[in-house]
Q: 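Submitted below is the structure of interest, expressed as structure tokens.
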Number of protein chains: 4
Amino acid sequence: MSESGSGGNAAKPRKHPRGGAERSAARRDAILAAALDEFAAAGFAATRIDDVARRAGVAKGTIYLYFRDKDALFHELVRSALSPIIAVLEQPPPGEITLRGLLGVLTQTFVREIFGTRRKDVIRLVLSEGPRFPSVAEFYYREVVARAVPAVRELLRRAVGPGAGGEALVTYPQLIVAPALVAVMWEALFDRFETLEVEGLMRAHCELLLRAVEVKGSGP
Amino acid sequence: MSESGSGGNAAKPRKHPRGGAERSAARRDAILAAALDEFAAAGFAATRIDDVARRAGVAKGTIYLYFRDKDALFHELVRSALSPIIAVLEQPPPGEITLRGLLGVLTQTFVREIFGTRRKDVIRLVLSEGPRFPSVAEFYYREVVARAVPAVRELLRRAVGPGAGGEALVTYPQLIVAPALVAVMWEALFDRFETLEVEGLMRAHCELLLRAVEVKGSGP
Amino acid sequence: MSESGSGGNAAKPRKHPRGGAERSAARRDAILAAALDEFAAAGFAATRIDDVARRAGVAKGTIYLYFRDKDALFHELVRSALSPIIAVLEQPPPGEITLRGLLGVLTQTFVREIFGTRRKDVIRLVLSEGPRFPSVAEFYYREVVARAVPAVRELLRRAVGPGAGGEALVTYPQLIVAPALVAVMWEALFDRFETLEVEGLMRAHCELLLRAVEVKGSGP
Amino acid sequence: MSESGSGGNAAKPRKHPRGGAERSAARRDAILAAALDEFAAAGFAATRIDDVARRAGVAKGTIYLYFRDKDALFHELVRSALSPIIAVLEQPPPGEITLRGLLGVLTQTFVREIFGTRRKDVIRLVLSEGPRFPSVAEFYYREVVARAVPAVRELLRRAVGPGAGGEALVTYPQLIVAPALVAVMWEALFDRFETLEVEGLMRAHCELLLRAVEVKGSGP
DNA sequence: GATGAATGAGGGTTCATTCAT
DNA sequence: TATGAATGAACCCTCATTCAT
């Protein structure tokens, strides 16, 4: 009920014999999409399975054909939303890198793949519900954070070159992601009061980093 | 919030300790402290009033003598924890300012007043539960964000001087706070897997900002 | 009970292809019947939903599938029990009327349709709980009293004829109903101490009225 | 909690030594008066001891110095309000009686002593809460009904004389009281929609009875 | 005696989960 | 497979009653 095993919440897709497999997968996706909508709007606890079912266009009981319980639904939601990103993190980094290029790619990727999609809500959900779902936090750490941090660190190392003054960044790659986090949270909480221009924010962030580091690395 | 101990708030003075008013205020604080512990650990919805009562060393019904309902308890928790910070934001800024000094003060204040206290958890709660408590989000925006952002912006303007290259920062003061947000979230979610050294993070952050901006302002 | 009236705003019996609808209506009726039993025995406030559920043979939560809350259950109880009577009040009165015939019909109707059924308890509940349920009192006034009083008055007018001495009755048709009220209350409160013979009471009442009025109208 | 013994709810006035006795009695009365107000307005169950205390101008705990519990308060309320009436019922009936005189006295007594006072509310409370308070119903039956019915019956017997046609009344003295009951209930429930003129109602009632009986008794 | 803060059992209501259809 | 009526454990909140002051 409160938490399943550490990480082993593999979905139980049950057998969907014959050609119903497609339909079945579509349903599963519809449920996940509906769950994201509802969880994002009201949080995990305040969302009723009934709401998810209604939004997904299925009956309440149907959800239990695809997910063991509400917790598993949440786990799968996070897992399925983040898998593509995880896959990206696995990719071997390209050969030549400049800091400007790296920051540009990271920023664009964030804006395009996360902030511009509903993954933004998944990230926020992970941050919000994490304390209640240690296994989700652990999954997110293991699959995303523990991979992204070293990966970015390695890319940075190559981008700023040995001896350059980017030690601060190399030591704390989190500094690169921080504004993205702010953007996600701001939009969810304060957008109705004051809009925060993400692209501007990220551009200003990159500009500052480039000044701080490139100056060092681009000496005469 | 007054001052609750680091971890154990078992306050069960069954006897006749003091005057009613003092005792009443102490009880209120004990309840708020207990509520913070519980809300921070499990989130608002998953916390039972009974748990708060037990941790505060009072009966369930007693909580309703001090707070109208669970929502009001949460509201008061946020309000009382953030009031001191709000008061600080009201203070007239000092006369002479350097960017280094400003960043140092902000960082130290953050570490001492927020990250080093349970206010860190309150901030995280506001971010987590905000979508479910529009009024809390609004309170936080109005009283904290909407004051802090312009205040920091103004201080920055004075610190970097006209014509200096700190426009990015002046336009997006959120960039200054971003790493603090990361620190708060990281500690709550990932600290058990990997520690994030806040002071180091903040120092690196400041270092980068100083390089990015001072270089501009101190050119030949 | 068993007969949900025509005018009842049923909660929502949900659709179920075949036998479901019947079963649903049966359940609704069972709950209403159980509620009447319990409310009549202990009053609205002292009755627990749990008791109603147990007596109806359903789970507590089931009641909330059929009625929004305890208040709505009470409202529906009154409404469904009184609808048939209201329907009768709508009927056009027959052509020729004698006072004896009128009193006989009214008495028999009362004994058969109210005193001989559990509607007697519903009436008593309305009287007892009315002050706490203004809307129930209003419903009862609008649908029953405000129709019955003029209807009886009109019938009386035709039965005693112009000039006859029945002005008292025509002005206060409540006098005709008064003993019925006494019968209902007496049975609920004092029957265990002393039985009140309803039929005798009503017969004596009619006899008195006939003597008082007919004497006037049938003088030599 | 739900019901005390048959009738033994004698108050426990505790000793109020010295001159405090008067003050004590006044307080007791104030509490009873407040209880009547509140019970009449909302019913027994929906009335909070806190409400009674506030209206009585005493602290909540004080009520428990005068009454064992909420039930006892209700018992005492009924008892104290009805005692004067009970006393009247004990009085030896006067010598010579006419039906007209009897009805006039009864009516005037009802209007003056009950309908014109808050005893009206007590009567209604007894009728409303009776099923939940068997001992109150029993008290009311024993002390009021079981005395009033035979008393009125005896008076009637003397008023209409042997052989007269008032057998109906003699057999069912309840018929005399019935309109009074209607008046009490009507006022509580329907007065806001339509006023029922008590005096007119009672006068019409008496008129009818006199016609029905005197005609018989005053033959040539 | 009076007070009213504190108590905690009790009950209305919700909602995740089950299961007969 | 899909459904949604039914279940009942859980939890918020109330309020009669107590008791330290």
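All chains are named by letter (A, B, ...) in the order of the sequence lines, taking the proteins before the strands, and each is independently numbered beginning at 1. Since this is a predicted model, take the numbers as computed values, not measurements.
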Q: Using the six-membered ring wherever Trp is involved, compare the ring planes of H75(A) and F133(A) and label them parallel, tilted or perpendicular (cut-offs 30° and 60°).
A: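 Ring orientation, 0 to 90° scale: perpendicular.
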
Q: Where each residue is assigned the nucleotide of DNA chain E containing its nearest heavy atom, which of I63(D) and T62(B) is assigned the position nearer the 5′ end?
A: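 Between the two, 5'-proximity favours I63(D).
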
Q: Rounded to the Å, how far apart are Y66(B) OH and dA5(E) C1'?
A: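 Going from Y66(B) (OH) to dA5(E) (C1'), I get 7 Å.
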
Q: Base, sugar-phosphate, or nothing: which does K60(A) touch, judged by heavy atoms less than 4.0 Å apart?
A: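 Counting heavy atoms under 4.0 Å across all strands, the contact made by K60(A) includes a base.
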
Q: Report the relative orientation of the aromatic rings in F74(D) and F44(D); use parallel for angles under 30°, tilted for 30 to 60°, perpendicular for over 60°.
A: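 Plane angle between 30° and 60°, so tilted.
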
Q: From C-beta outward on R48(C), which listed nucleotide comes closest to its side chain: dA5(F), dT7(E), dG12(E)?
A: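 Taking heavy atoms from C-beta onward, the closest nucleotide is dG12(E).
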
Q: Rounded to whole angstroms, how far apart are CG on L73(D) and C1' on dC15(F)?
A: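 To the nearest whole Å, that distance equals 15 Å.
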
Q: Could you check how far CG of L65(B) sits from C1' of dC15(F), rounded to whole Å?
A: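 Spelled out: CG on L65(B) to C1' on dC15(F) is 11 Å.
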
Q: In this structure, how many angstroms lie between the C1' atom of dT14(F) and the CG atom of D69(B), rounded?
A: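 Result: 13 Å.
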
Q: Where each residue is assigned the nucleotide of DNA chain F containing its nearest heavy atom, which of G61(C) and Y64(B) is assigned the position nearer the 5′ end?
A: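 Mapping each residue to its closest nucleotide by heavy atoms, the 5'-most match is G61(C).
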
Q: Please give, in whole Å, the distance from dT1(F) P to R28(A) CZ?
A: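 Going from R28(A) (CZ) to dT1(F) (P), I get 14 Å.
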
Q: Please tell me which of R27(C) and T47(B) maps to the more 5' nucleotide of DNA chain F, matching each residue to the nucleotide holding its nearest heavy atom.
A: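 Counting from the 5' end, the first nearest nucleotide belongs to R27(C).
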
Q: Could you give the CG-to-C1' distance, from D71(A) to dT17(E), as a whole number of Å?
A: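 Rounded to the whole Å, the gap is 13 Å.
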
Q: Starting at atom CZ of R23(B), determine the distance to atom C1' of dG4(E), rounded to an integer number of angstrom.
A: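 Answer to the nearest Å: 13 Å.
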
Q: By nearest nucleotide on DNA chain E, pick out whichever of F44(C) and K70(A) is the more 5' one.
A: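 With F44(C) and K70(A) compared, the 5'-side residue is F44(C).
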
Q: Give a yes or no on whether a salt bridge exists between D121(A) and R118(A), defined as a side-chain N under 4.0 angstrom from a carboxylate O.
A: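 Salt bridge between D121(A) and R118(A), a charged N being under 4.0 Å from a carboxylate O: no.
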
Q: Which of these, V126(C), L125(C), L127(C), sits in a side-chain contact (heavy atoms from CB on, under 4.5 Å) with E129(C)?
A: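 Considering V126(C), L125(C), L127(C), a side-chain contact (heavy atoms from CB on, under 4.5 Å) with E129(C) is found only for L125(C).
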
Q: Please work out if F67(B) contacts a base, only the sugar-phosphate, or nothing of the nucleic acid, heavy-atom cut-off 4.0 Å.
A: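 No contact at all - F67(B) keeps every heavy atom at 4.0 Å or more from the nucleic acid.
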
Q: Do K70(B) and E38(B) sit within salt-bridge range, that is, some charged N less than 4.0 Å from a carboxylate O?
A: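 Answer for the salt bridge query: no.
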
Q: Now, which nucleotide makes the Watson-Crick or G-U wobble pair with dT21(E), with each of the two distances under 3.5 Å?
A: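 Partner of dT21(E): dA2(F).
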
Q: Rounding to a whole Å, what distance do you find between D51(D):CG and dA16(F):C1'?
A: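 From D51(D) CG to dA16(F) C1': 12 Å.
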
Q: Any base atoms under 4.0 Å from I49(B), or only sugar-phosphate, or nothing? Heavy atoms, all strands.
A: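 Counting heavy atoms under 4.0 Å across all strands, the contact made by I49(B) is with sugar-phosphate only.
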
Q: Could you tell me whether R54(D) contacts a base, only the sugar-phosphate backbone, or nothing, with contacts defined as non-hydrogen atoms closer than 4.0 Å?
A: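 Answer is nothing: R54(D) stays at 4.0 Å or more from every strand.
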
Q: Just checking R68(B): base, sugar-phosphate only, or nothing, at a heavy-atom cut-off of under 4.0 Å?
A: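 Nothing: the residue R68(B), judged by heavy atoms under 4.0 Å, touches no strand.
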
Q: Looking at the side chain of A59(C), which of dG8(F), dC15(F), dT3(E) is the nearest nucleotide?
A: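 Nearest nucleotide to the side chain: dG8(F).
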
